[in-house]
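Per chain, numbering begins at 1; letters A, B, ... match sequence-line order. Fair warning: this is a prediction, and the values are worked out from it, not measured in the lab.
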Number of protein chains: 2
Amino acid sequence: MSELDTIDLAIVKALQANGRMSNAELSQKVGLSASACSRRLDILEKSGVISGYHARLSNKALDYKMMAIVHISLSGQGAKTLSEFEAAVKLCPNVLVCYLMSGDYDYILRVAAKDLEDYERIHRDWLSALPHVVKINSSFALREVIDRPNVGL
Amino acid sequence: MSELDTIDLAIVKALQANGRMSNAELSQKVGLSASACSRRLDILEKSGVISGYHARLSNKALDYKMMAIVHISLSGQGAKTLSEFEAAVKLCPNVLVCYLMSGDYDYILRVAAKDLEDYERIHRDWLSALPHVVKINSSFALREVIDRPNVGL
DNA sequence: GAAACCACGCAATGTCCTTGCGAAGATGAA
DNA sequence: TTCATCTTCGCAAGGACATTGCGTGGTTTC
């Protein structure tokens with residue numbers, strides 16, 4: 001992708017707010033004809049600027065009331081150690097986010113659970129079973145203040 | 001919403017993977033007629049199980065190459081202190097996630113930045129300016145291992 | 001057992017999406 | 001400057017899609 005102009009940004013911004021907006025509404029909002037808008041969107045998708053669309057589910061409605069932040073330290077930082085850990089953590093459906101980090105610990109995870117009992121199960125069956133882990137530190141979110149899908153443009 | 005049956009779950013799951021899927025494709029995927037599928041989706045949206053749809057932007061394409069995890073401690077935990085901090089942090093567009101936490105620190109933030117210089121600006125102009133902050137600890141993500149929008153169903 | 005209820009499929013209608021086409025403006029070389 | 005080329009636009013048409021009303025069948029309730 002060469003560069004995003006004002007209209008591209010408007011398209012991206014609108015679909016960030018409402019990813020299921022019709023092309024007709026979108027084109028009107030950004031001040032283009034439907035055909036021109038459709039073609040631009042096609043380019044934005046194919047070039048990877050927009051990498052997908054996702055329904056946002058209410059965690060409450062789905063009974064996921066707990067969010068845990070987990071700091072994990074491994075026994076080493078060799079490439080094999082890291083890749084084995086990562087392959088394993090990817091299999092756990094409750095892990096929403098996992099980053100390899102600089103600093104005091106190796107990985108940080110964001111884990112969704114239905115309740116404390118559910119988290120205990122996840123901790124026992126998944127987190128404790130991850131390879132090369134030497135330390136797990138779980139903190140629980142008391143309240144969600146912000147949860148944006150993307151950076152505000 | 002009373003309860004989600006198998007078909008509702010299939011709808012939600014499909015739209016989680018592709019939020020812009022047409023109703024025609026969706027109905028075929030879950031084994032319903034288009035009309036029945038449209039009516040179910042309408043209920044799922046109005047009842048709040050699906051709270052929205054969002055385009056997923058490639059941070060790389062938008063030049064957000066850095067992700068920071070920031071732990072913040074406040075000078076106190078009074079209601080006024082917390083709400084003033086939260087009102088201020090909500091204004092920073094680079095903060096993707098903010099949780100009030102139990103444990104060693106008060107808040108955890110996930111902050112997107114274009115590069116180190118950009119992060120330095122965010123830290124100076126936004127984070128340091130947040131009220132009641134006594135300690136800021138920034139760690140940087142070396143690699144994204146997982147970033148799911150929702151719990152895997 | 002009858003009535004009420006619920007979710008379904010079918011069909012129709014109005015809307016929407018996409019593609020081809022020609023025009024307008026920008027860019028660059030002779 | 002002038003001409004060729006390239007890009008992006010709007011319009012129009014054809015096919016796909018979404019939604020609504022309606023009738024049916026199965027289930028619950030009294």
Side-chain angles (χ1 to χ4, degrees), chain A residues 1-64 114 149-153, chain B residues 1-64 114 149-153:
Chain A
M1 190 87 195
S2 51
E3 200 55 48
L4 301 183
D5 64 14
T6 311
I7 297 179
D8 288 324
L9 274 178
I11 290 174
V12 157
K13 203 168 175 176
L15 289 174
Q16 208 178 70
N18 176 12
R20 230 175 143 75
M21 182 182 296
S22 75
N23 183 68
E25 186 183 350
L26 182 64
S27 64
Q28 197 193 6
K29 185 162 293 197
V30 304
L32 281 183
S33 69
S35 57
C37 187
S38 170
R39 276 184 276 249
R40 274 180 183 256
L41 180 53
D42 197 48
I43 293 173
L44 289 170
E45 289 171 352
K46 289 194 172 130
S47 70
V49 174
I50 296 177
S51 62
Y53 302 89
H54 303 281
R56 184 182 186 81
L57 308 183
S58 152
N59 285 327
K60 207 181 62 191
L62 287 172
D63 261 354
Y64 282 91
K114 287 179 188 291
N150 279 113
V151 94
L153 299 178
Chain B
M1 192 84 195
S2 50
E3 200 55 46
L4 302 183
D5 63 15
T6 311
I7 297 179
D8 289 324
L9 275 177
I11 291 174
V12 156
K13 203 168 175 176
L15 290 174
Q16 208 177 70
N18 176 11
R20 229 175 144 75
M21 182 182 296
S22 74
N23 183 68
E25 187 183 350
L26 181 64
S27 63
Q28 197 192 9
K29 185 161 293 196
V30 305
L32 279 184
S33 69
S35 57
C37 188
S38 170
R39 277 183 277 248
R40 274 181 183 256
L41 180 53
D42 197 48
I43 292 174
L44 289 170
E45 289 171 352
K46 288 193 172 132
S47 70
V49 173
I50 296 176
S51 61
Y53 302 89
H54 304 281
R56 183 182 186 80
L57 307 183
S58 152
N59 285 325
K60 206 181 62 193
L62 287 172
D63 261 353
Y64 282 91
K114 288 180 189 291
N150 280 112
V151 164
L153 298 178

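- For the pair Ile43(B) and Asp8(B), the minimum side-chain heavy-atom distance is 4.5 Å or more.
- Note: CG (Asp8(B)) to C1' (dC8(C)) measures 14 Å, nearest angstrom.
- What you find for Ser58(B) and Ser51(A) is that their closest heavy atoms are N-OG, 4.3 Å.
- Atom OG of Ser27(A) and atom CZ of Arg39(A) lie 12.0 Å apart (nearest 0.5 Å).
- Nucleotide dA18(D) holds its C1' atom 15 Å from the CG atom of Leu32(B), rounded to whole Å.
- dA18(D) atom C1' lies 14 Å from atom CG of Leu15(B), rounded to whole Å.
- Considering CE of Met21(A) and CZ of Arg20(B), their distance stands at 8.5 Å, rounded to 0.5 Å.
- Atoms CG (Leu26(A)) and C1' (dT18(C)) sit 15 Å apart, rounded to a whole Å.
- Heavy atoms only, all atoms of each residue included: Ala14(B) and Lys29(B) are closest at CB-CD, 4.2 Å.
- Separating the CD1 atom of Ile7(B) from the P atom of dA7(C) is a distance of 11 Å, rounded to the nearest angstrom.
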All N/O pairs under 3.5 Å across the protein-nucleotides 15-17 of chain C interface:
unit_1: dC17(C); atom_1: OP1; unit_2: Asn23(A); atom_2: N; d: 2.4
unit_1: dC17(C); atom_1: OP2; unit_2: Ala24(A); atom_2: N; d: 2.7

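- Spacing between atom CD1 of Ile43(A) and atom P of dC6(D) amounts to 16 Å, rounded to whole angstrom units.
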Dump the pairs, protein N or O against N or O of nucleotides 10-13 of chain C, anything under 3.5 Å, distances to one decimal.
unit_1: dC10(C); atom_1: N4; unit_2: Ser35(B); atom_2: OG; d: 2.8

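- Nucleotide dC8(C) holds its C1' atom 16 Å from the CG atom of Asp42(B), rounded to whole Å.
- Applying the 6.0 Å contact sphere to NZ of Lys114(B) captures more than 12 heavy atoms from other residues, nucleotides or ligands.
- One interatomic measurement links the two molecules: CG of Asp5(B) to C1' of dA7(C), which rounds to 10 Å at whole-angstrom precision.
- A 4.5 Å side-chain heavy-atom check between Leu41(A) and Leu15(A) finds at least one atom pair inside the cut-off.
- Side-chain contact between Gln16(B) and Leu57(A): present, with at least one pair of heavy atoms (C-beta onward) separated by less than 4.5 Å.
- Taking CZ from Arg40(A) and CD1 from Ile7(A), the interatomic distance works out to 4.5 Å, rounded to the nearest 0.5 Å.
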